[in-house]
K.L.:
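Before anything else, here's the structure in question.
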Amino acid sequence: MLRSKSRVLALIPAAVLALAAAGCGSSDSSGGTGGATPGGVTLVQPGKLVTCTGLPYEPFQFEKDGKVIGFDVDLVDLVAKKLNVTQEIKDTPFDGIQSGVDLDSGKCDLAAAGMTINDTRKQNFDFSDPYFEATQALVGKKGAGFTGLDKLKGKKLGVQNGTTGAQYAEKNAQDVELVTFEDLGLLLNGVETGAVDAAINDNGVLYDWVKKNTDYEVGTEFDTGEQYGIGAKKGNTALLKIVNETIAEVKASGEYDKIYEKWFGKKPESK
Ligand code: GLN
């Protein structure tokens, strides 16, 4: 009696696993408990995919009419869709994101912040496969002729705290006064008010800004060959797997190109 009962019970988990593996899991698990999301992903808040980002970083993430929108937002929305949950965005200083502190403390499941994959960061959290190519660039007043860091001798160059751009400037700018700003909005405001002569940041955001701020220009790009990745807490392989699957699928399906065109107004040259 007892023996056969335990045998029946032992069969149930196997059947459930088989169903889950076949992708037949009930959609009722959507928005349910954290552990019930597809792929065995555990989320910091049940039913939500919480993403840390540093606003504003247009066109990757920025606020418009009270909503956070952008390229990264669209991409992570697709990850959330795969998990049957909705994305919730947490705006937090970029330095806490890139140091891994926010992911480590369970503030968010993912970090999507136009963030460059690099070795220091890789020691502190895990990155998805690359989803975007970037390089550093210099922005200043039109006609100022800021075609290189050597043109900024004796001048003030704005950098954004914790970024690869700040690092690049620290390494390569000589006889230039570096002024650190907390986020991209403050940095560009510094350029507009003349608090700094120029600013360094990623090419995507600066080209986007000069489109709307036509008194300014991107004087040059530096060939830093960066790639953006989405961050997850160290060892969260289940979630990262879903992120990587999403990236691969959107690239293959043409959805990536659509999202790219929506935010950059042209087709991607590379991805
Ligand atoms: N890509 C840059 C970096 O990772 C800037 C990112 C950002 O400011 N959001 O440092």
Side-chain angles (χ1 to χ4, degrees), residues 50-64 68-76 87 89-103 107-108 110-139 149 157-173 178-191 196 198-210 218 220-232 243 247 260 263-264 268 270-271:
V50 184
T51 306
C52 275
T53 202
L55 299 175
Y57 209 66
E58 189 171 351
F60 295 92
Q61 42 268 317
F62 61 105
E63 241 176 307
K64 202 177 171 191
V68 180
I69 54 172
F71 182 93
D72 286 357
V73 179
D74 282 355
L75 189 61
V76 178
Q87 179 183 192
I89 293 173
K90 240 182 216 171
D91 178 26
T92 187
F94 182 70
D95 205 30
I97 296 174
Q98 69 90 29
S99 66
V101 167
D102 292 334
L103 287 167
K107 195 170 188 172
C108 37
L110 294 177
M115 181 165 56
T116 302
I117 301 169
N118 71 23
D119 288 341
T120 320
R121 292 171 182 168
K122 268 198 220 164
Q123 283 168 18
N124 300 322
F125 56 92
D126 293 337
F127 273 106
S128 71
D129 294 333
Y131 69 90
F132 199 91
E133 311 233 312
T135 204
Q136 291 307 306
L138 199 57
V139 70
L149 291 175
L157 172 64
V159 303
Q160 186 192 338
N161 195 24
T163 59
T164 48
Q167 251 178 23
Y168 185 85
E170 275 154 26
K171 228 191 212 163
N172 297 291
L178 300 185
V179 184
T180 304
F181 294 86
E182 215 36 64
D183 64 45
L184 180 72
L186 296 170
L187 175 74
L188 294 172
N189 189 53
V191 174
V196 288
I200 186 166
N201 213 289
D202 296 26
N203 54 352
V205 293
L206 294 187
Y207 279 116
D208 182 83
W209 189 72
V210 297
V218 174
T220 191
E221 290 183 55
F222 307 103
D223 194 14
T224 53
E226 296 172 51
Q227 291 183 311
Y228 293 167
I230 293 172
V243 175
I247 293 172
Y260 190 101
W263 296 109
F264 294 95
S270 56
K271 39 186 145 161

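As the structure lists them, so they are numbered: ligands from 1, and atoms in each ligand from 1. Values below: all heavy atoms of this structure, side chains included; hydrogens, waters and symmetry mates excluded.
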K.L.:
Which of the atoms in ligand 1, numbered in the order shown and given with their element, are less than 4.0 Å from a heavy-atom of Y228?
P.N.:
1 (N)

K.L.:
If you count the atoms of ligand 1 from 1 in the order shown, which ones are under 4.0 Å from a heavy atom of A113?
P.N.:
6 (C), 7 (C), 9 (N)

K.L.:
Heavy atom to atom 8 (O) of ligand 1, shortest distance: which of Q98, Q160, M115, Q136 holds it?
P.N.:
Q160

K.L.:
Can you tell me the protein heavy atom closest to atom 1 (N) of ligand 1 and the distance?
P.N.:
D202 OD2, 2.6 Å

K.L.:
On a heavy-atom basis, I'd like to know which of Q167, R121, E226 is closest to atom 4 (O) of ligand 1.
P.N.:
R121

K.L.:
Could you tell me the separation between the CG atom of D95 and the CG atom of D102, rounded to the nearest 0.5 Å?
P.N.:
9.5 Å

K.L.:
Give the residue, atom name and distance (to 0.1 Å) of the protein heavy atom nearest atom 5 (C) of ligand 1.
P.N.:
Y57 OH, 3.3 Å

K.L.:
Could you list which atoms of ligand 1 come closer than 4.0 Å to a heavy atom of T163?
P.N.:
5 (C), 8 (O), 10 (O)

K.L.:
Ring centroids only, cut at 6.0 angstrom: are F71 and Y228 within range, meaning strictly under it?
P.N.:
no

K.L.:
For Y168 together with F222, are the ring centres under 6.0 Å from each other?
P.N.:
yes

K.L.:
Please find the pair of heavy atoms, one from F125 and one from Q98, that lie closest to each other, and give the distance.
P.N.:
CE2-O, 3.3 Å

K.L.:
Tell me which protein heavy atom sits closest to atom 6 (C) of ligand 1, plus the residue, atom name and distance to 0.1 Å.
P.N.:
G114 O, 3.2 Å

K.L.:
Any chance the side chains of Y131 and D72 put a donor and an acceptor closer than 3.5 Å?
P.N.:
yes

K.L.:
Would you give the length of the straight line joining atom CG of D202 to atom OG1 of T163, rounded to the nearest 0.5 angstrom?
P.N.:
7.5 Å

K.L.:
For the atom pair CG (D129) and CD1 (I230), what is the distance rounded to the nearest 0.5 Å?
P.N.:
10.0 Å

K.L.:
Between T164 and ligand 1, which part of the residue brings a heavy atom under 4.0 Å of the ligand: side chain, backbone, both or neither?
P.N.:
both

